[in-house]
Amino acid sequence: MPDVILSEARTPAPALAARAARTGSSPVRDILALTARPEVISFAGGLPAPELFDAAGMADAFRHVLAEAPRRVLQYSTTEGDPALRAAVAARYSARGLPTEADDLLVTTGSQQGLSLLATALLEPGDVVLVEDPCYLAALQIFSLAGARVVPVPTDDGGLDPAALDEIAARERPKLLYVIPTFQNPTGRTLSAERRAAVAEVAARRGLWIAEDDPYGELRFEGEPAPWVAAFPGAEDRTALLGSFSKVMAPGLRLGTVRAPAALRRACAIAKQAADLHTSTIDQAAAARYLAVTDLDGHLARVRDAYRARRDALIDGLPAALPEGSRWNRPAGGMFVWATLPPGYDAAALLPEVVKHDVAYVPGAPFFAGAPDPTAARLSFVTHAPEEIREGLGRLRKALEGTRREG
Ligand SMILES: Cc1ncc(COP(=O)(O)O)c(C=O)c1O
């Protein structure tokens, strides 16, 4: 008799955690996979125009830090982040009316990580998070993974409705409001200064944290920026402001920042130690070098000019491309236009036919935490040049021609 009985029987490995099982892959990522064919003119992805990356400037910055300080930039570094990079970001906030010290900032691996860290630092399963309806999808994923109960706050063409926010905050006792006040994803909408002040006031009175996500604010084509929500009375001690290098430099850098009150920032730093110890030392050093020797505002002016022309090409072409009775906005910046087809249309159901015509958008429905609007679609205008946008809209017109409203 052997000491050990060898058997063919196998016991299955335990199930995934409930949070993993209940959180699906982003429908936008799935659509992007469908539209990856080079012949597709895609209005779906929120991809910055690659030809506008300052590749030469970034290459110089990486070469410089590797040549000058290889032992430092190839080494582990602090969780809080590169001091020069934090100082440069703090100076940009301060210059725009939000006094900020380098030590007020935590460098993150993209602002997406900032949002994850906030969820880890703030949310218990069952906690209520208020979001704009519709809302950035990957934020909904984070809140779902955290086990939070997401409650939608109604919006209109001016963004989040502060009166509805007040009412829902009184009823739901939320811990956190997540808001993208400028050129929101997916709608391109911007909150007025009055609404920002009202959001700050409600948050202070009802006792909630604010996560203010601002990856698009620097992409303003016209008009004057409103101050950050974080700058309004009531919000100072309760706002985590998320910044990103993705839309001003390059998303592949995976660099962002969290500006937050000390106790929350420290909790985020501990969560970050557990997540990835620190953001890439060399990437941070190269970004700091780049900011030190480059006129970022000059670079941004070129990006804004190009994006403004692309927005105009999209807006000018939409009347002919979309069925009569469709509506859309004209954002003053950012990357997205939000369109609604006439009642009875279903943007998700139409997409397979649209993709057959080598053009794509993202259906709006998945962005809603509340009742979805099946007629809505998000159109990104930044990835393609104006002539390709016009060609894409011609294909969209053909794809939608002959489609019937359902029901
Ligand atoms: C509203 C919003 N927040 C955060 C992110 C993530 O940006 P990052 O590349 O800085 O992680 C995005 C990216 O599209 C976004 O639209």
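Note that ligands are numbered from 1 as they come in the structure, with each ligand's atoms numbered from 1 the same way.
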(message) Just to verify, what does W228 make a side chain to side chain donor-acceptor pair (under 3.5 Å) with, not counting sequence neighbours?
(response)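 Here the qualifying residues are D214.
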(message) To the closest 0.5 Å, what do you measure between CG (D54) and CE (M249)?
(response)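 That separation rounds to 8.5 Å.
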(request) Describe, in one word, how the ring planes of F367 and W338 are oriented to each other, choosing from parallel (under 30°), tilted (30 to 60°) and perpendicular (over 60°). (result)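 Perpendicular, since the angle between the ring planes exceeds 60°.
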(request) Indicate, as side chain, backbone, both or neither, the part of S111 found under 4.0 angstrom from ligand 1 when only non-hydrogen atoms are considered. (result) both
Who's the nearest protein heavy-atom neighbour of [atom], and how far?
atom: atom 3 (N) of ligand 1; answer: D213 OD2, 2.5 Å
atom: atom 13 (C) of ligand 1; answer: K247 NZ, 3.3 Å
atom: atom 9 (O) of ligand 1; answer: S246 OG, 2.5 Å
atom: atom 16 (O) of ligand 1; answer: Y216 OH, 2.5 Å

(request) Flag the pair D157 and R330 as a salt bridge only when some basic side-chain nitrogen lies within less than 4.0 angstrom of an acidic carboxylate oxygen. (result)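 Not counted as a salt bridge, because no side-chain N and carboxylate O are separated by less than 4.0 Å.
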(request) State plainly whether the residues R302 and D305 are in salt-bridge range, i.e. N to O under 4.0 Å. (result)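 Here R302 does not pair with D305 in a salt bridge, since their nearest N and O are not under 4.0 Å apart.
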(request) Would you check whether R254 reaches within less than 4.0 Å of ligand 1, judged by its heavy atoms? (result)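 The answer is yes, since R254 has a heavy atom less than 4.0 Å from ligand 1.
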(message) Is G46 close enough to touch ligand 1? Criterion: a residue heavy atom under 4.0 Å from a ligand atom.
(response) no
(request) Would you check, one step at a time, whether the test ring pair (Phe, Tyr, Trp, His ring centres under 6.0 Å) holds for Y290 with F62? (result) CA-CA 8 Å; Y290 181 83; F62 273 93; 9.8 Å; no
Would you mind listing which atoms of ligand 1 come within a distance below 4.0 Å of any non-hydrogen atom of [X]?
X: G110; value: 10 (O), 11 (O)
X: S244; value: 8 (P), 10 (O)
X: P215; value: 1 (C), 2 (C), 3 (N), 15 (C)

(message) Please identify which of these residues, R259, R86, R266, meets the salt bridge (Lys or Arg N to Asp or Glu O under 4.0 Å) condition with D103.
(response)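 That would be R86.
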(message) Please check this pair: side chain of R395 against backbone of D358, looking for a donor-acceptor N/O pair closer than 3.5 Å.
(response) yes
(request) Could you check which of F183, Y178, Y136, F245 puts a non-hydrogen atom nearest to atom 6 (C) of ligand 1? (result) Y136
(request) Before signing off on this row, confirm whether Q113 and ligand 1 have an N or O atom pair separated by under 3.5 Å. (result)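 So ligand 1 has no N or O lying under 3.5 Å from an N or O of Q113.
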